[in-house]
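Please read these numbers as outputs of a predicted model, since none were measured by experiment. One-based numbering, in listed order, for ligands and for the atoms of each. Any value given below was found using the heavy atoms of this structure, including those in side chains, with hydrogens, waters and symmetry copies removed.
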Amino acid sequence: MAKFHCGIDFGTTNSSAALSCDGAVRVLELDPLNDNPASLPSLLYITNEGEQIVGRAAADAFIDRNVDREVQLKQVDLGVAIEAYVGGEPDKSETYRPAAAPTDVREGVRARATIEVNSPGRLFQSLKTQLRHTAFRGTEVFGTLYQIEELVACILRRVKAAVEEAAGAPVERVVFGRPVRFSTHDAENDVAQRRLETAARLAGFSEVTFFYEPVGACVEYALGIEQRQRLMVVDIGGGTCDVCVMEFGGARGAAARLAESRILGISGVPVAGDAIDREIIKSKLFPVFGSRVRYGPSRLRIPQYIFNEILDWQNLYKLNTEEIVHWFLAMEADCTAPGSVRALRMLIQRNYGYPVAREVESAKKRLSWEDEAEIRLHMDTVDIQERLEREEFTHIIEYNLERMMRSIEEAEAAAQVRPKDIDLVLTTGGTSLIPAIRHMLAERFGADRLLPRDTFTSVATGLATVAQYC
Ligand SMILES: Nc1ncnc2c1ncn2[C@@H]1O[C@H](COP(=O)(O)OP(=O)(O)OP(=O)(O)O)[C@@H](O)[C@H]1O
Ligand SMILES: [Mg+2]
């Protein structure tokens with residue numbers, strides 16, 4: 001019976017998988033509903049009845065059921081008492097020692113939480129980014145505690161089912177990709193990989209090996225070329241920008257080429273498509289939602305934390321409390337731009353955070369092919385029509401581009417090479433399509449040395465290839 005080897009690229013935005021057998025590699029169809037069926041959007045929607053919906057259907061279910069719905073919150077007693085300090089005047093004496101036990105009176109208070117009472121379901125996006133957050137262990141979804149590993153496993157189970165259907169047999173061994181750095185902190189990196197491994201085991205894989213994602217993309221190209229080459233890969237996706245420099249000898253045959261390949265240097269930063277979307281929202285949409293508004297007799301500004309929640313639309317509903325809504329209504333009666341405050345209120349009350357984020361992402365993608373794009377959304381009193389020109393976009397994301405460039409320099413330094421020593425720069429990942437990024441790479445390496453590989457599947461193909469030999 002044919003022996004299949006499996007590679008899985010669990011991405012921040014999209015996941016893909018490939019199978020190799022006797023030297024031939026095949027990318028699998030994971031989501032027939034997606035524009036690109038080889039790419040499964042890494043989205044999970046859990047309904048209030050516990051049904052788990054994955055991929056494009058998850059986004060559709062959320063838009064269909066959650067958007068345009070009046071959110072109702074209620075305070076619940078968690079049934080536990082926590083200690084509270086009834087603070088007196090701060091101790092300003094010279095004998096004050098911060099480590100000493102506080103002398104304030106301690107009291108017990110009942111712990112309470114704000115929950116949504118009528119939610120039909122919850123959507124999870126960019127779960128890979130959450131893997132590194134040690135403080136985020138999991139979340140309660142309609143009374144069931146889902147640990148982060150379990151949430152990721154829900155997506156991986158779907159991938160495993162597609163892999164086994166294509167192989168026609170159970171597949172338990174897998175090579176997974178991982179970014180060079182999930183996080184800039186080493187401890188968070190280790191936690192993230194351990195969690196991803198646990199998620200893979202929960203999904204039913206018993207033997208999990210990890211390879212750096214850009215190394216996967218490099219192998220995908222290099223094993224088919226019988227030539228001595230020094231290659232760089234720049235893989236910029238939704239969550240991370242990953243770079244590697246590898247050297248391949250002139251051996252013939254995939255196994256021999258892989259055996260004599262060397263990783264000369266790697267680097268990575270957690271800056272990619274999601275961070276770029278946030279920059280667009282900050283610069284183009286914060287003003288639409290009142291960041292410049294002054295309200296009340298003292299002409300105050302709307303506090304920054306409200307806008308930070310817009311960047312994290314999954315938690316936006318938490319602002320939908322009676323207290324905050326009344327505050328917005330009062331603000332609308334006495335402020336410099338009532339329309340903007342009303343738009344902000346409707347964004348929160350009608351749950352428009354996700355459609356806004358999707359429209360921003362879609363405009364960003366259009367800008368890769370067009371000189372200008374319009375961010376357009378007309379829902380209720382949320383009326384957005386903002387033109388974004390490519391030049392302005394490049395300016396908005398300048399700092400992100402700098403961080404990516406520093407990562408490239410870091411990989412070169414680790415490999416002890418200069419740009420002229422690199423034969424080819426392979427590019428992959430959705431964000432590598434941005435013209436400003438292509439321009440930045442062309443300036444450093446020359447346009448003739450840039451070689452785009454398949455944007456969404458080159459990593460998985462390389463991982464499945466590697467899986468044959470490990
Ligand atoms: N044409 C395009 N122009 C600009 N950005 C794009 C384009 N197409 C996709 N993207 C962006 O690319 C990102 C998704 O790319 P990709 O699928 O390679 O990421 P990923 O593999 O899921 O993430 P990561 O590797 O960081 O975990 C998203 O941020 C998306 O908005
Ligand atoms: Mg990727």
When only distance counts, is [X] in polar contact with ligand 1, meaning an N/O pair under 3.5 Å?
X      : answer
Phe456 : no
Thr240 : yes
Thr13  : yes
Asp9   : no
Ala272 : no

Give a yes or no on whether [X] atom [atom1] has more than 12 heavy-atom contacts from other residues, nucleotides or ligands under 6.0 Å away.
X      : atom1 : result
Gln416 : CD    : no
His133 : NE2   : yes
Arg406 : CZ    : yes

Give the ring-plane orientation class for Phe62 versus Tyr354, where under 30° counts as parallel, over 60° as perpendicular and anything between as tilted.
->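 Perpendicular: the ring planes of Phe62 and Tyr354 meet at over 60°.
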So is Phe10 close enough to ligand 1, meaning a heavy atom under 4.0 angstrom away?
-> no
Is a salt bridge present between Arg137 and Glu149, judged by a nitrogen-to-oxygen distance below 4.0 Å?
->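 No, Arg137 and Glu149 are not salt-bridged.
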Under-4.0 Å salt bridge between Arg387 and Glu374 | no
Just let me know how Lys365 lines up against ligand 1, side chain, backbone, both or neither, with a heavy-atom cut-off below 4.0 Å.
->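 Lys365 to ligand 1: contacts from backbone and side chain alike.
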Of the backbone atoms (N, CA, C, O) and the side-chain heavy atoms from C-beta on, which set of Leu433 has a member under 4.0 Å from an atom of ligand 1: side chain, backbone, both, or neither?
-> side chain
cation_pi(Lys160, Phe205) dist<6.0 Å, angle<=45 = yes
Protein heavy-atom partner closest to atom 23 (O) of ligand 1 - residue, atom, separation in Å = Gly238 N, 2.9 Å
Measuring from [atom], which candidate in [options] has the nearest non-hydrogen atom?
atom                    : options                : answer
atom 30 (C) of ligand 1 : Lys128, Glu361, Arg358 : Glu361
atom 16 (P) of ligand 1 : Pro41, Gly268, Gly430  : Gly430
atom 13 (C) of ligand 1 : Gly429, Gly237, Ser432 : Gly237

Side chain Thr428, main chain Asp454, donor-acceptor under 3.5 Å | yes
